[in-house]
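What follows is a short report on a single structure.
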Amino acid sequence: MVLAKKYNFKEVEEKWMKDWEKSGIYKFQINSQKKIYSLDIPPPTISGKLHMGHAFGDSLQDFFVRFKRMNGFNILNPFGTDNNGLPTLRLIEKEKNVDSKSMSREKFIELCNKTIKEEFIPMFLKDAKRLGISADWDLFYSTIDERSRRISQESFIDLYKKGREYRIESPSLWCTECQTTIAQVELEDKEFSSFFNDIKFNVDGKDLVIATTRPELLSACVAVFYNPIDKRYKKLKGKMAKVPLFGFEVPIMEDEKVDLEKGTGIVMCCTFGDQTDMEWQKKYKLPIKEAISKDGKLTKISGKYEGLKVEVARKKIIEDLKQEKLLLNQKQINHAVNTHERCGHPVEIITSKQWFIKYLDLKKDMIKWGKEVEWYPSHMKNRYDNWIKGLQWDWSISRQIPFGIPFPVWYCKDCDEVILADEKQLPVDPLVDKPNIKQCKKCKGKEFIPEKDIMNTWATSALTPSIVKDLLKGTPAYDKIKNKPFSVRRSGHDIITFWNFNTIVKSNLHYGKKPWEELLINGWILGKDGKKMSKSRGNVISPQETLDGFGADPLRYLSASAKLGDDVSFSEQELQNGKKLVTKLWNASKFSLMHLEDYKDEKIKLEAIDKGILSKFNFLIKEISESFENYEASKARMILEMFFWGQFCDNYLEIAKDRLYNPDIRGIKERKSAQYTLNYILTNTLKLFAPIIPFITEEIFVNGFNNSDSIHISSWPKHFTKLKDESNEKVWERFVEILSFVRQEKSKQNKSLKEEIVLILPRKDKELLLECIEDLKAVTKAKDILNGRELEVKL
RNA sequence: GGACCCAUGGUCUAGUGGUUAUGACGACUCGUUUACACCGAGUAAAUCGCAGGUUCGAUUCCUGCUGGGUCCACCA
């Protein structure tokens, strides 16, 4: 079929997007005997729309998925969305104008599920499909759906039975804004401007000056510390210090953690101002005094400041200190404060009853588990190792928000015994459902209190391998995958310590094996300015506008411009280059097809030049395949593009023209040889490009070359062995060199490329010229050859 | 404070223990309209961040430094 004069990406992409879905070519084949290549995809957090980060990461992943599919693998590529926990809660509250606190959990989950299913997911999927992601859309999960709730609760019960979970009253990181416990991973440093206040304590009637940024915690002061090597304070050992404004006394103690340089070299320990305070409280068995309540207000022990918000209380206390002449000095400083990354609010340490997964004892194993997975690029594993080395807390999984997956737990009202749900009743909501037992095993109590908390999102997200496997339960394929790690997971480097780490941990705790064989870590797509895209910088570009303006292929082309793990700056130029490549492919195909109408696949003798370029191409197929194999799509793209554009289009097509247009002069044999070469290189170039730019390649392959099946389920080009003679490749390379030399000389002599020129070539080229002179003459408008001492050629 | 990544023509980038160091964009000089002006040819443009070391030979390997980025910890 002859291709249209111009390529209309909008029409074509829309058409194939629908066609692929209808024909189901990307579906996992449950009955197939083919080798399985499975992906455990990290579900994107639904924030309504697909953003550039998704588009970038998903494209990278799709390159390899398509490559593997064409290499005969049965692809298990599900699609999921993360709709669990706080971000979703916030989004639904905003979109639906509701307050989750005033609804029942059941009702709210129902609303979430409905909104997610009917509004967010369809919009998200549409964008992903437009991008050409070759997922199996039927294998879909959401991290809040019934299956995920069940699996997450099963996980909890399993870990509890394995003795890996405990619930204790413990100081934990608490966000007073979101009213929930948060985990170490959810912290983010933020610079705040604040005051370093020199405050007068009193020891034996004398002043003892202590610097603090948090005077509102004075009422929770339980000790003051100095460094044992600090001679200034040695004499204070064992004495008591009187806390200003509050008047109670606390012991003065030594600890080498105290920084001599900071402030006055003496520090107050409040339960709890920071992590060091917690350590000291534990180490010296200090009392616990709570100055701040869960809603961020001061408590009873703060006396007249009770009920004030932290920031307000701080100001008030400073005022009072000033008044009483207890404030010596105030220094403005900028300091980093731990904040909750979701809301940006400073985090407090507050005591409450929380569930933990015990894993601090497993650091060595965790490092070992990390080694069992193949990391691409390998240096990304350092982040994983580094994270483990820095771990200081067990994994706190309780969250005090209404939306999420509940703990499958009740407590005996009389003895507080933990009562687990029966695995058969999962998923369960203890607020609604009742335990399967009638009385407490321990004390025979008959009343049970449901756990109100829900599990942290990551506790569920870390189970995506189990969730995906569960999707296939009951199919013939299930047995093949159930006990095997997935082939690969791909994720951004920002979530190594969230998703990847937690998934590795849970997989090993539950099943004693790694979750995947390979882990691909991609970088970020940055704004045009090379900085992270953010609303405040105003450098955000939506994939939707790029898809509208350029199409999916150029956007994917852009995604293939950097090594795996490297960041890519969004570049209009690169998008333009992608678009030009699409056009070039279209035009080169249009031209070739014009001359291939009578082409028959028959045995022919190839011309020397044709053998040459085919031999070169053959070698490149090998290199390109290896690049894809090693997850180096950018390398594959580069090699292929250079060959296609610089060699095939710029040189070979020009050589072929004379033979194609003038078969009566050049001969039928020569024409057929050119046709063979054109057909071969073009067909295979389309295949090699197909993983990266699936739309244009599909259009040409199916409609131009009249193939009945999709290019995406065609077989990957093999590098053939017929032309294994390396000298063929040399012929092509030397031919191009001579071509280039001729052009150079003409340019130097200011002659048109059409004009003739007399040149001296080395004798060693004689053989080559004898074979290829007609092609050389055709492409350089040569008229004759002259023989001299050297090889004189009139071209 | 700990860890990691990066540094190559004006810009973006490939790559290697010995190469005339790759390509693209941009610049300049030409050409072309029978696939393509979203084209082609040619030219100029890089002492491969700095300083040492290993080596017959370093842009490439090692050490240190500088600059940029990222993660982690601390932050009274």
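Just so we're on the same page: letters track the sequence lines, and every chain starts at 1. Because only heavy atoms are used, hydrogens play no part in the values below, and waters and symmetry mates are left out as well, while side chains stay in.
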Base, sugar-phosphate, or nothing for [X], non-hydrogen atoms under 4.0 angstrom?
| X | answer |
| --- | --- |
| Phe225(A) | nothing |
| Val258(A) | base |
| Ser740(A) | sugar-phosphate |
| Trp645(A) | sugar-phosphate |
| Lys657(A) | base |
| Leu653(A) | base |
| Ala211(A) | sugar-phosphate |
| Gln576(A) | nothing |
| Asn386(A) | base |
| Cys270(A) | nothing |
| Thr583(A) | base |
| Lys590(A) | sugar-phosphate |

Heavy atoms from C-beta onward define the side chain here; which of [options] lies closest to that of [X]?
| X | options | value |
| --- | --- | --- |
| Gln744(A) | rG42(B), rC36(B), rC74(B) | rG42(B) |
| Gln392(A) | rU70(B), rC74(B), rC5(B) | rC74(B) |
| Glu654(A) | rC36(B), rC74(B), rA76(B) | rC36(B) |

Is the [atom1] atom of [X] crowded by more than 12 outside heavy atoms at less than 6.0 Å?
| X | atom1 | value |
| --- | --- | --- |
| Lys242(A) | NZ | no |
| Lys371(A) | NZ | no |
| Phe246(A) | CZ | yes |
| Glu11(A) | CD | no |

Mind calculating the distance between [atom1] ([X]) and [atom2] ([N]) to the nearest angstrom?
| X | N | atom1 | atom2 | value |
| --- | --- | --- | --- | --- |
| Lys389(A) | rA73(B) | NZ | P | 14 Å |
| Asn338(A) | rA76(B) | CG | P | 9 Å |
| Leu593(A) | rC36(B) | CG | C1' | 14 Å |
| Leu3(A) | rC36(B) | CG | P | 13 Å |
| Ile495(A) | rC71(B) | CD1 | C1' | 14 Å |
| Asp385(A) | rA3(B) | CG | C1' | 10 Å |
| Asn500(A) | rC72(B) | CG | C1' | 16 Å |
| Arg743(A) | rG31(B) | CZ | P | 16 Å |

Residue whose closest nucleotide on RNA chain B lies nearer the 5' end, Met594(A) versus Arg383(A): Met594(A)
Check: rC38(B) base within 3.5 Å donor-acceptor of Lys579(A) side chain: no
Positive for side-chain contact (heavy atoms from CB on, under 4.5 Å) with Ile199(A), one of Leu327(A), Asp207(A), Leu328(A): Leu327(A)
Ring-face cation of Lys289(A) near Phe248(A) (centre distance under 6.0 Å, axis angle within 45°): yes
Ring-face cation of Lys580(A) near Tyr557(A) (centre distance under 6.0 Å, axis angle within 45°): no
Please name the nucleotide paired to [N] by Watson-Crick or G-U wobble geometry with both distances under 3.5 Å, or report none.
| N | answer |
| --- | --- |
| rC25(B) | rG10(B) |
| rG57(B) | none |
| rC4(B) | rG69(B) |
| rG40(B) | rC30(B) |

Whole-Å C1' distance, rU33(B) and rA21(B): 37 Å
Test ring-ring contact (aromatic ring centres under 6.0 Å, His included) applied to Phe9(A) and Phe695(A), step by step: CA-CA 8 Å; Phe9(A) 77 84; Phe695(A) 290 97; 9.8 Å; no
Phosphate OP1/OP2 of rA37(B) contacted by Lys584(A) side-chain N/O (<4.0 Å): no
Reading 5' to 3' through nucleotides 7-24 of chain B, protein heavy-atom contacts under 4.0 Å coded B for base, S for sugar-phosphate only, - for none: -------SS------SSS
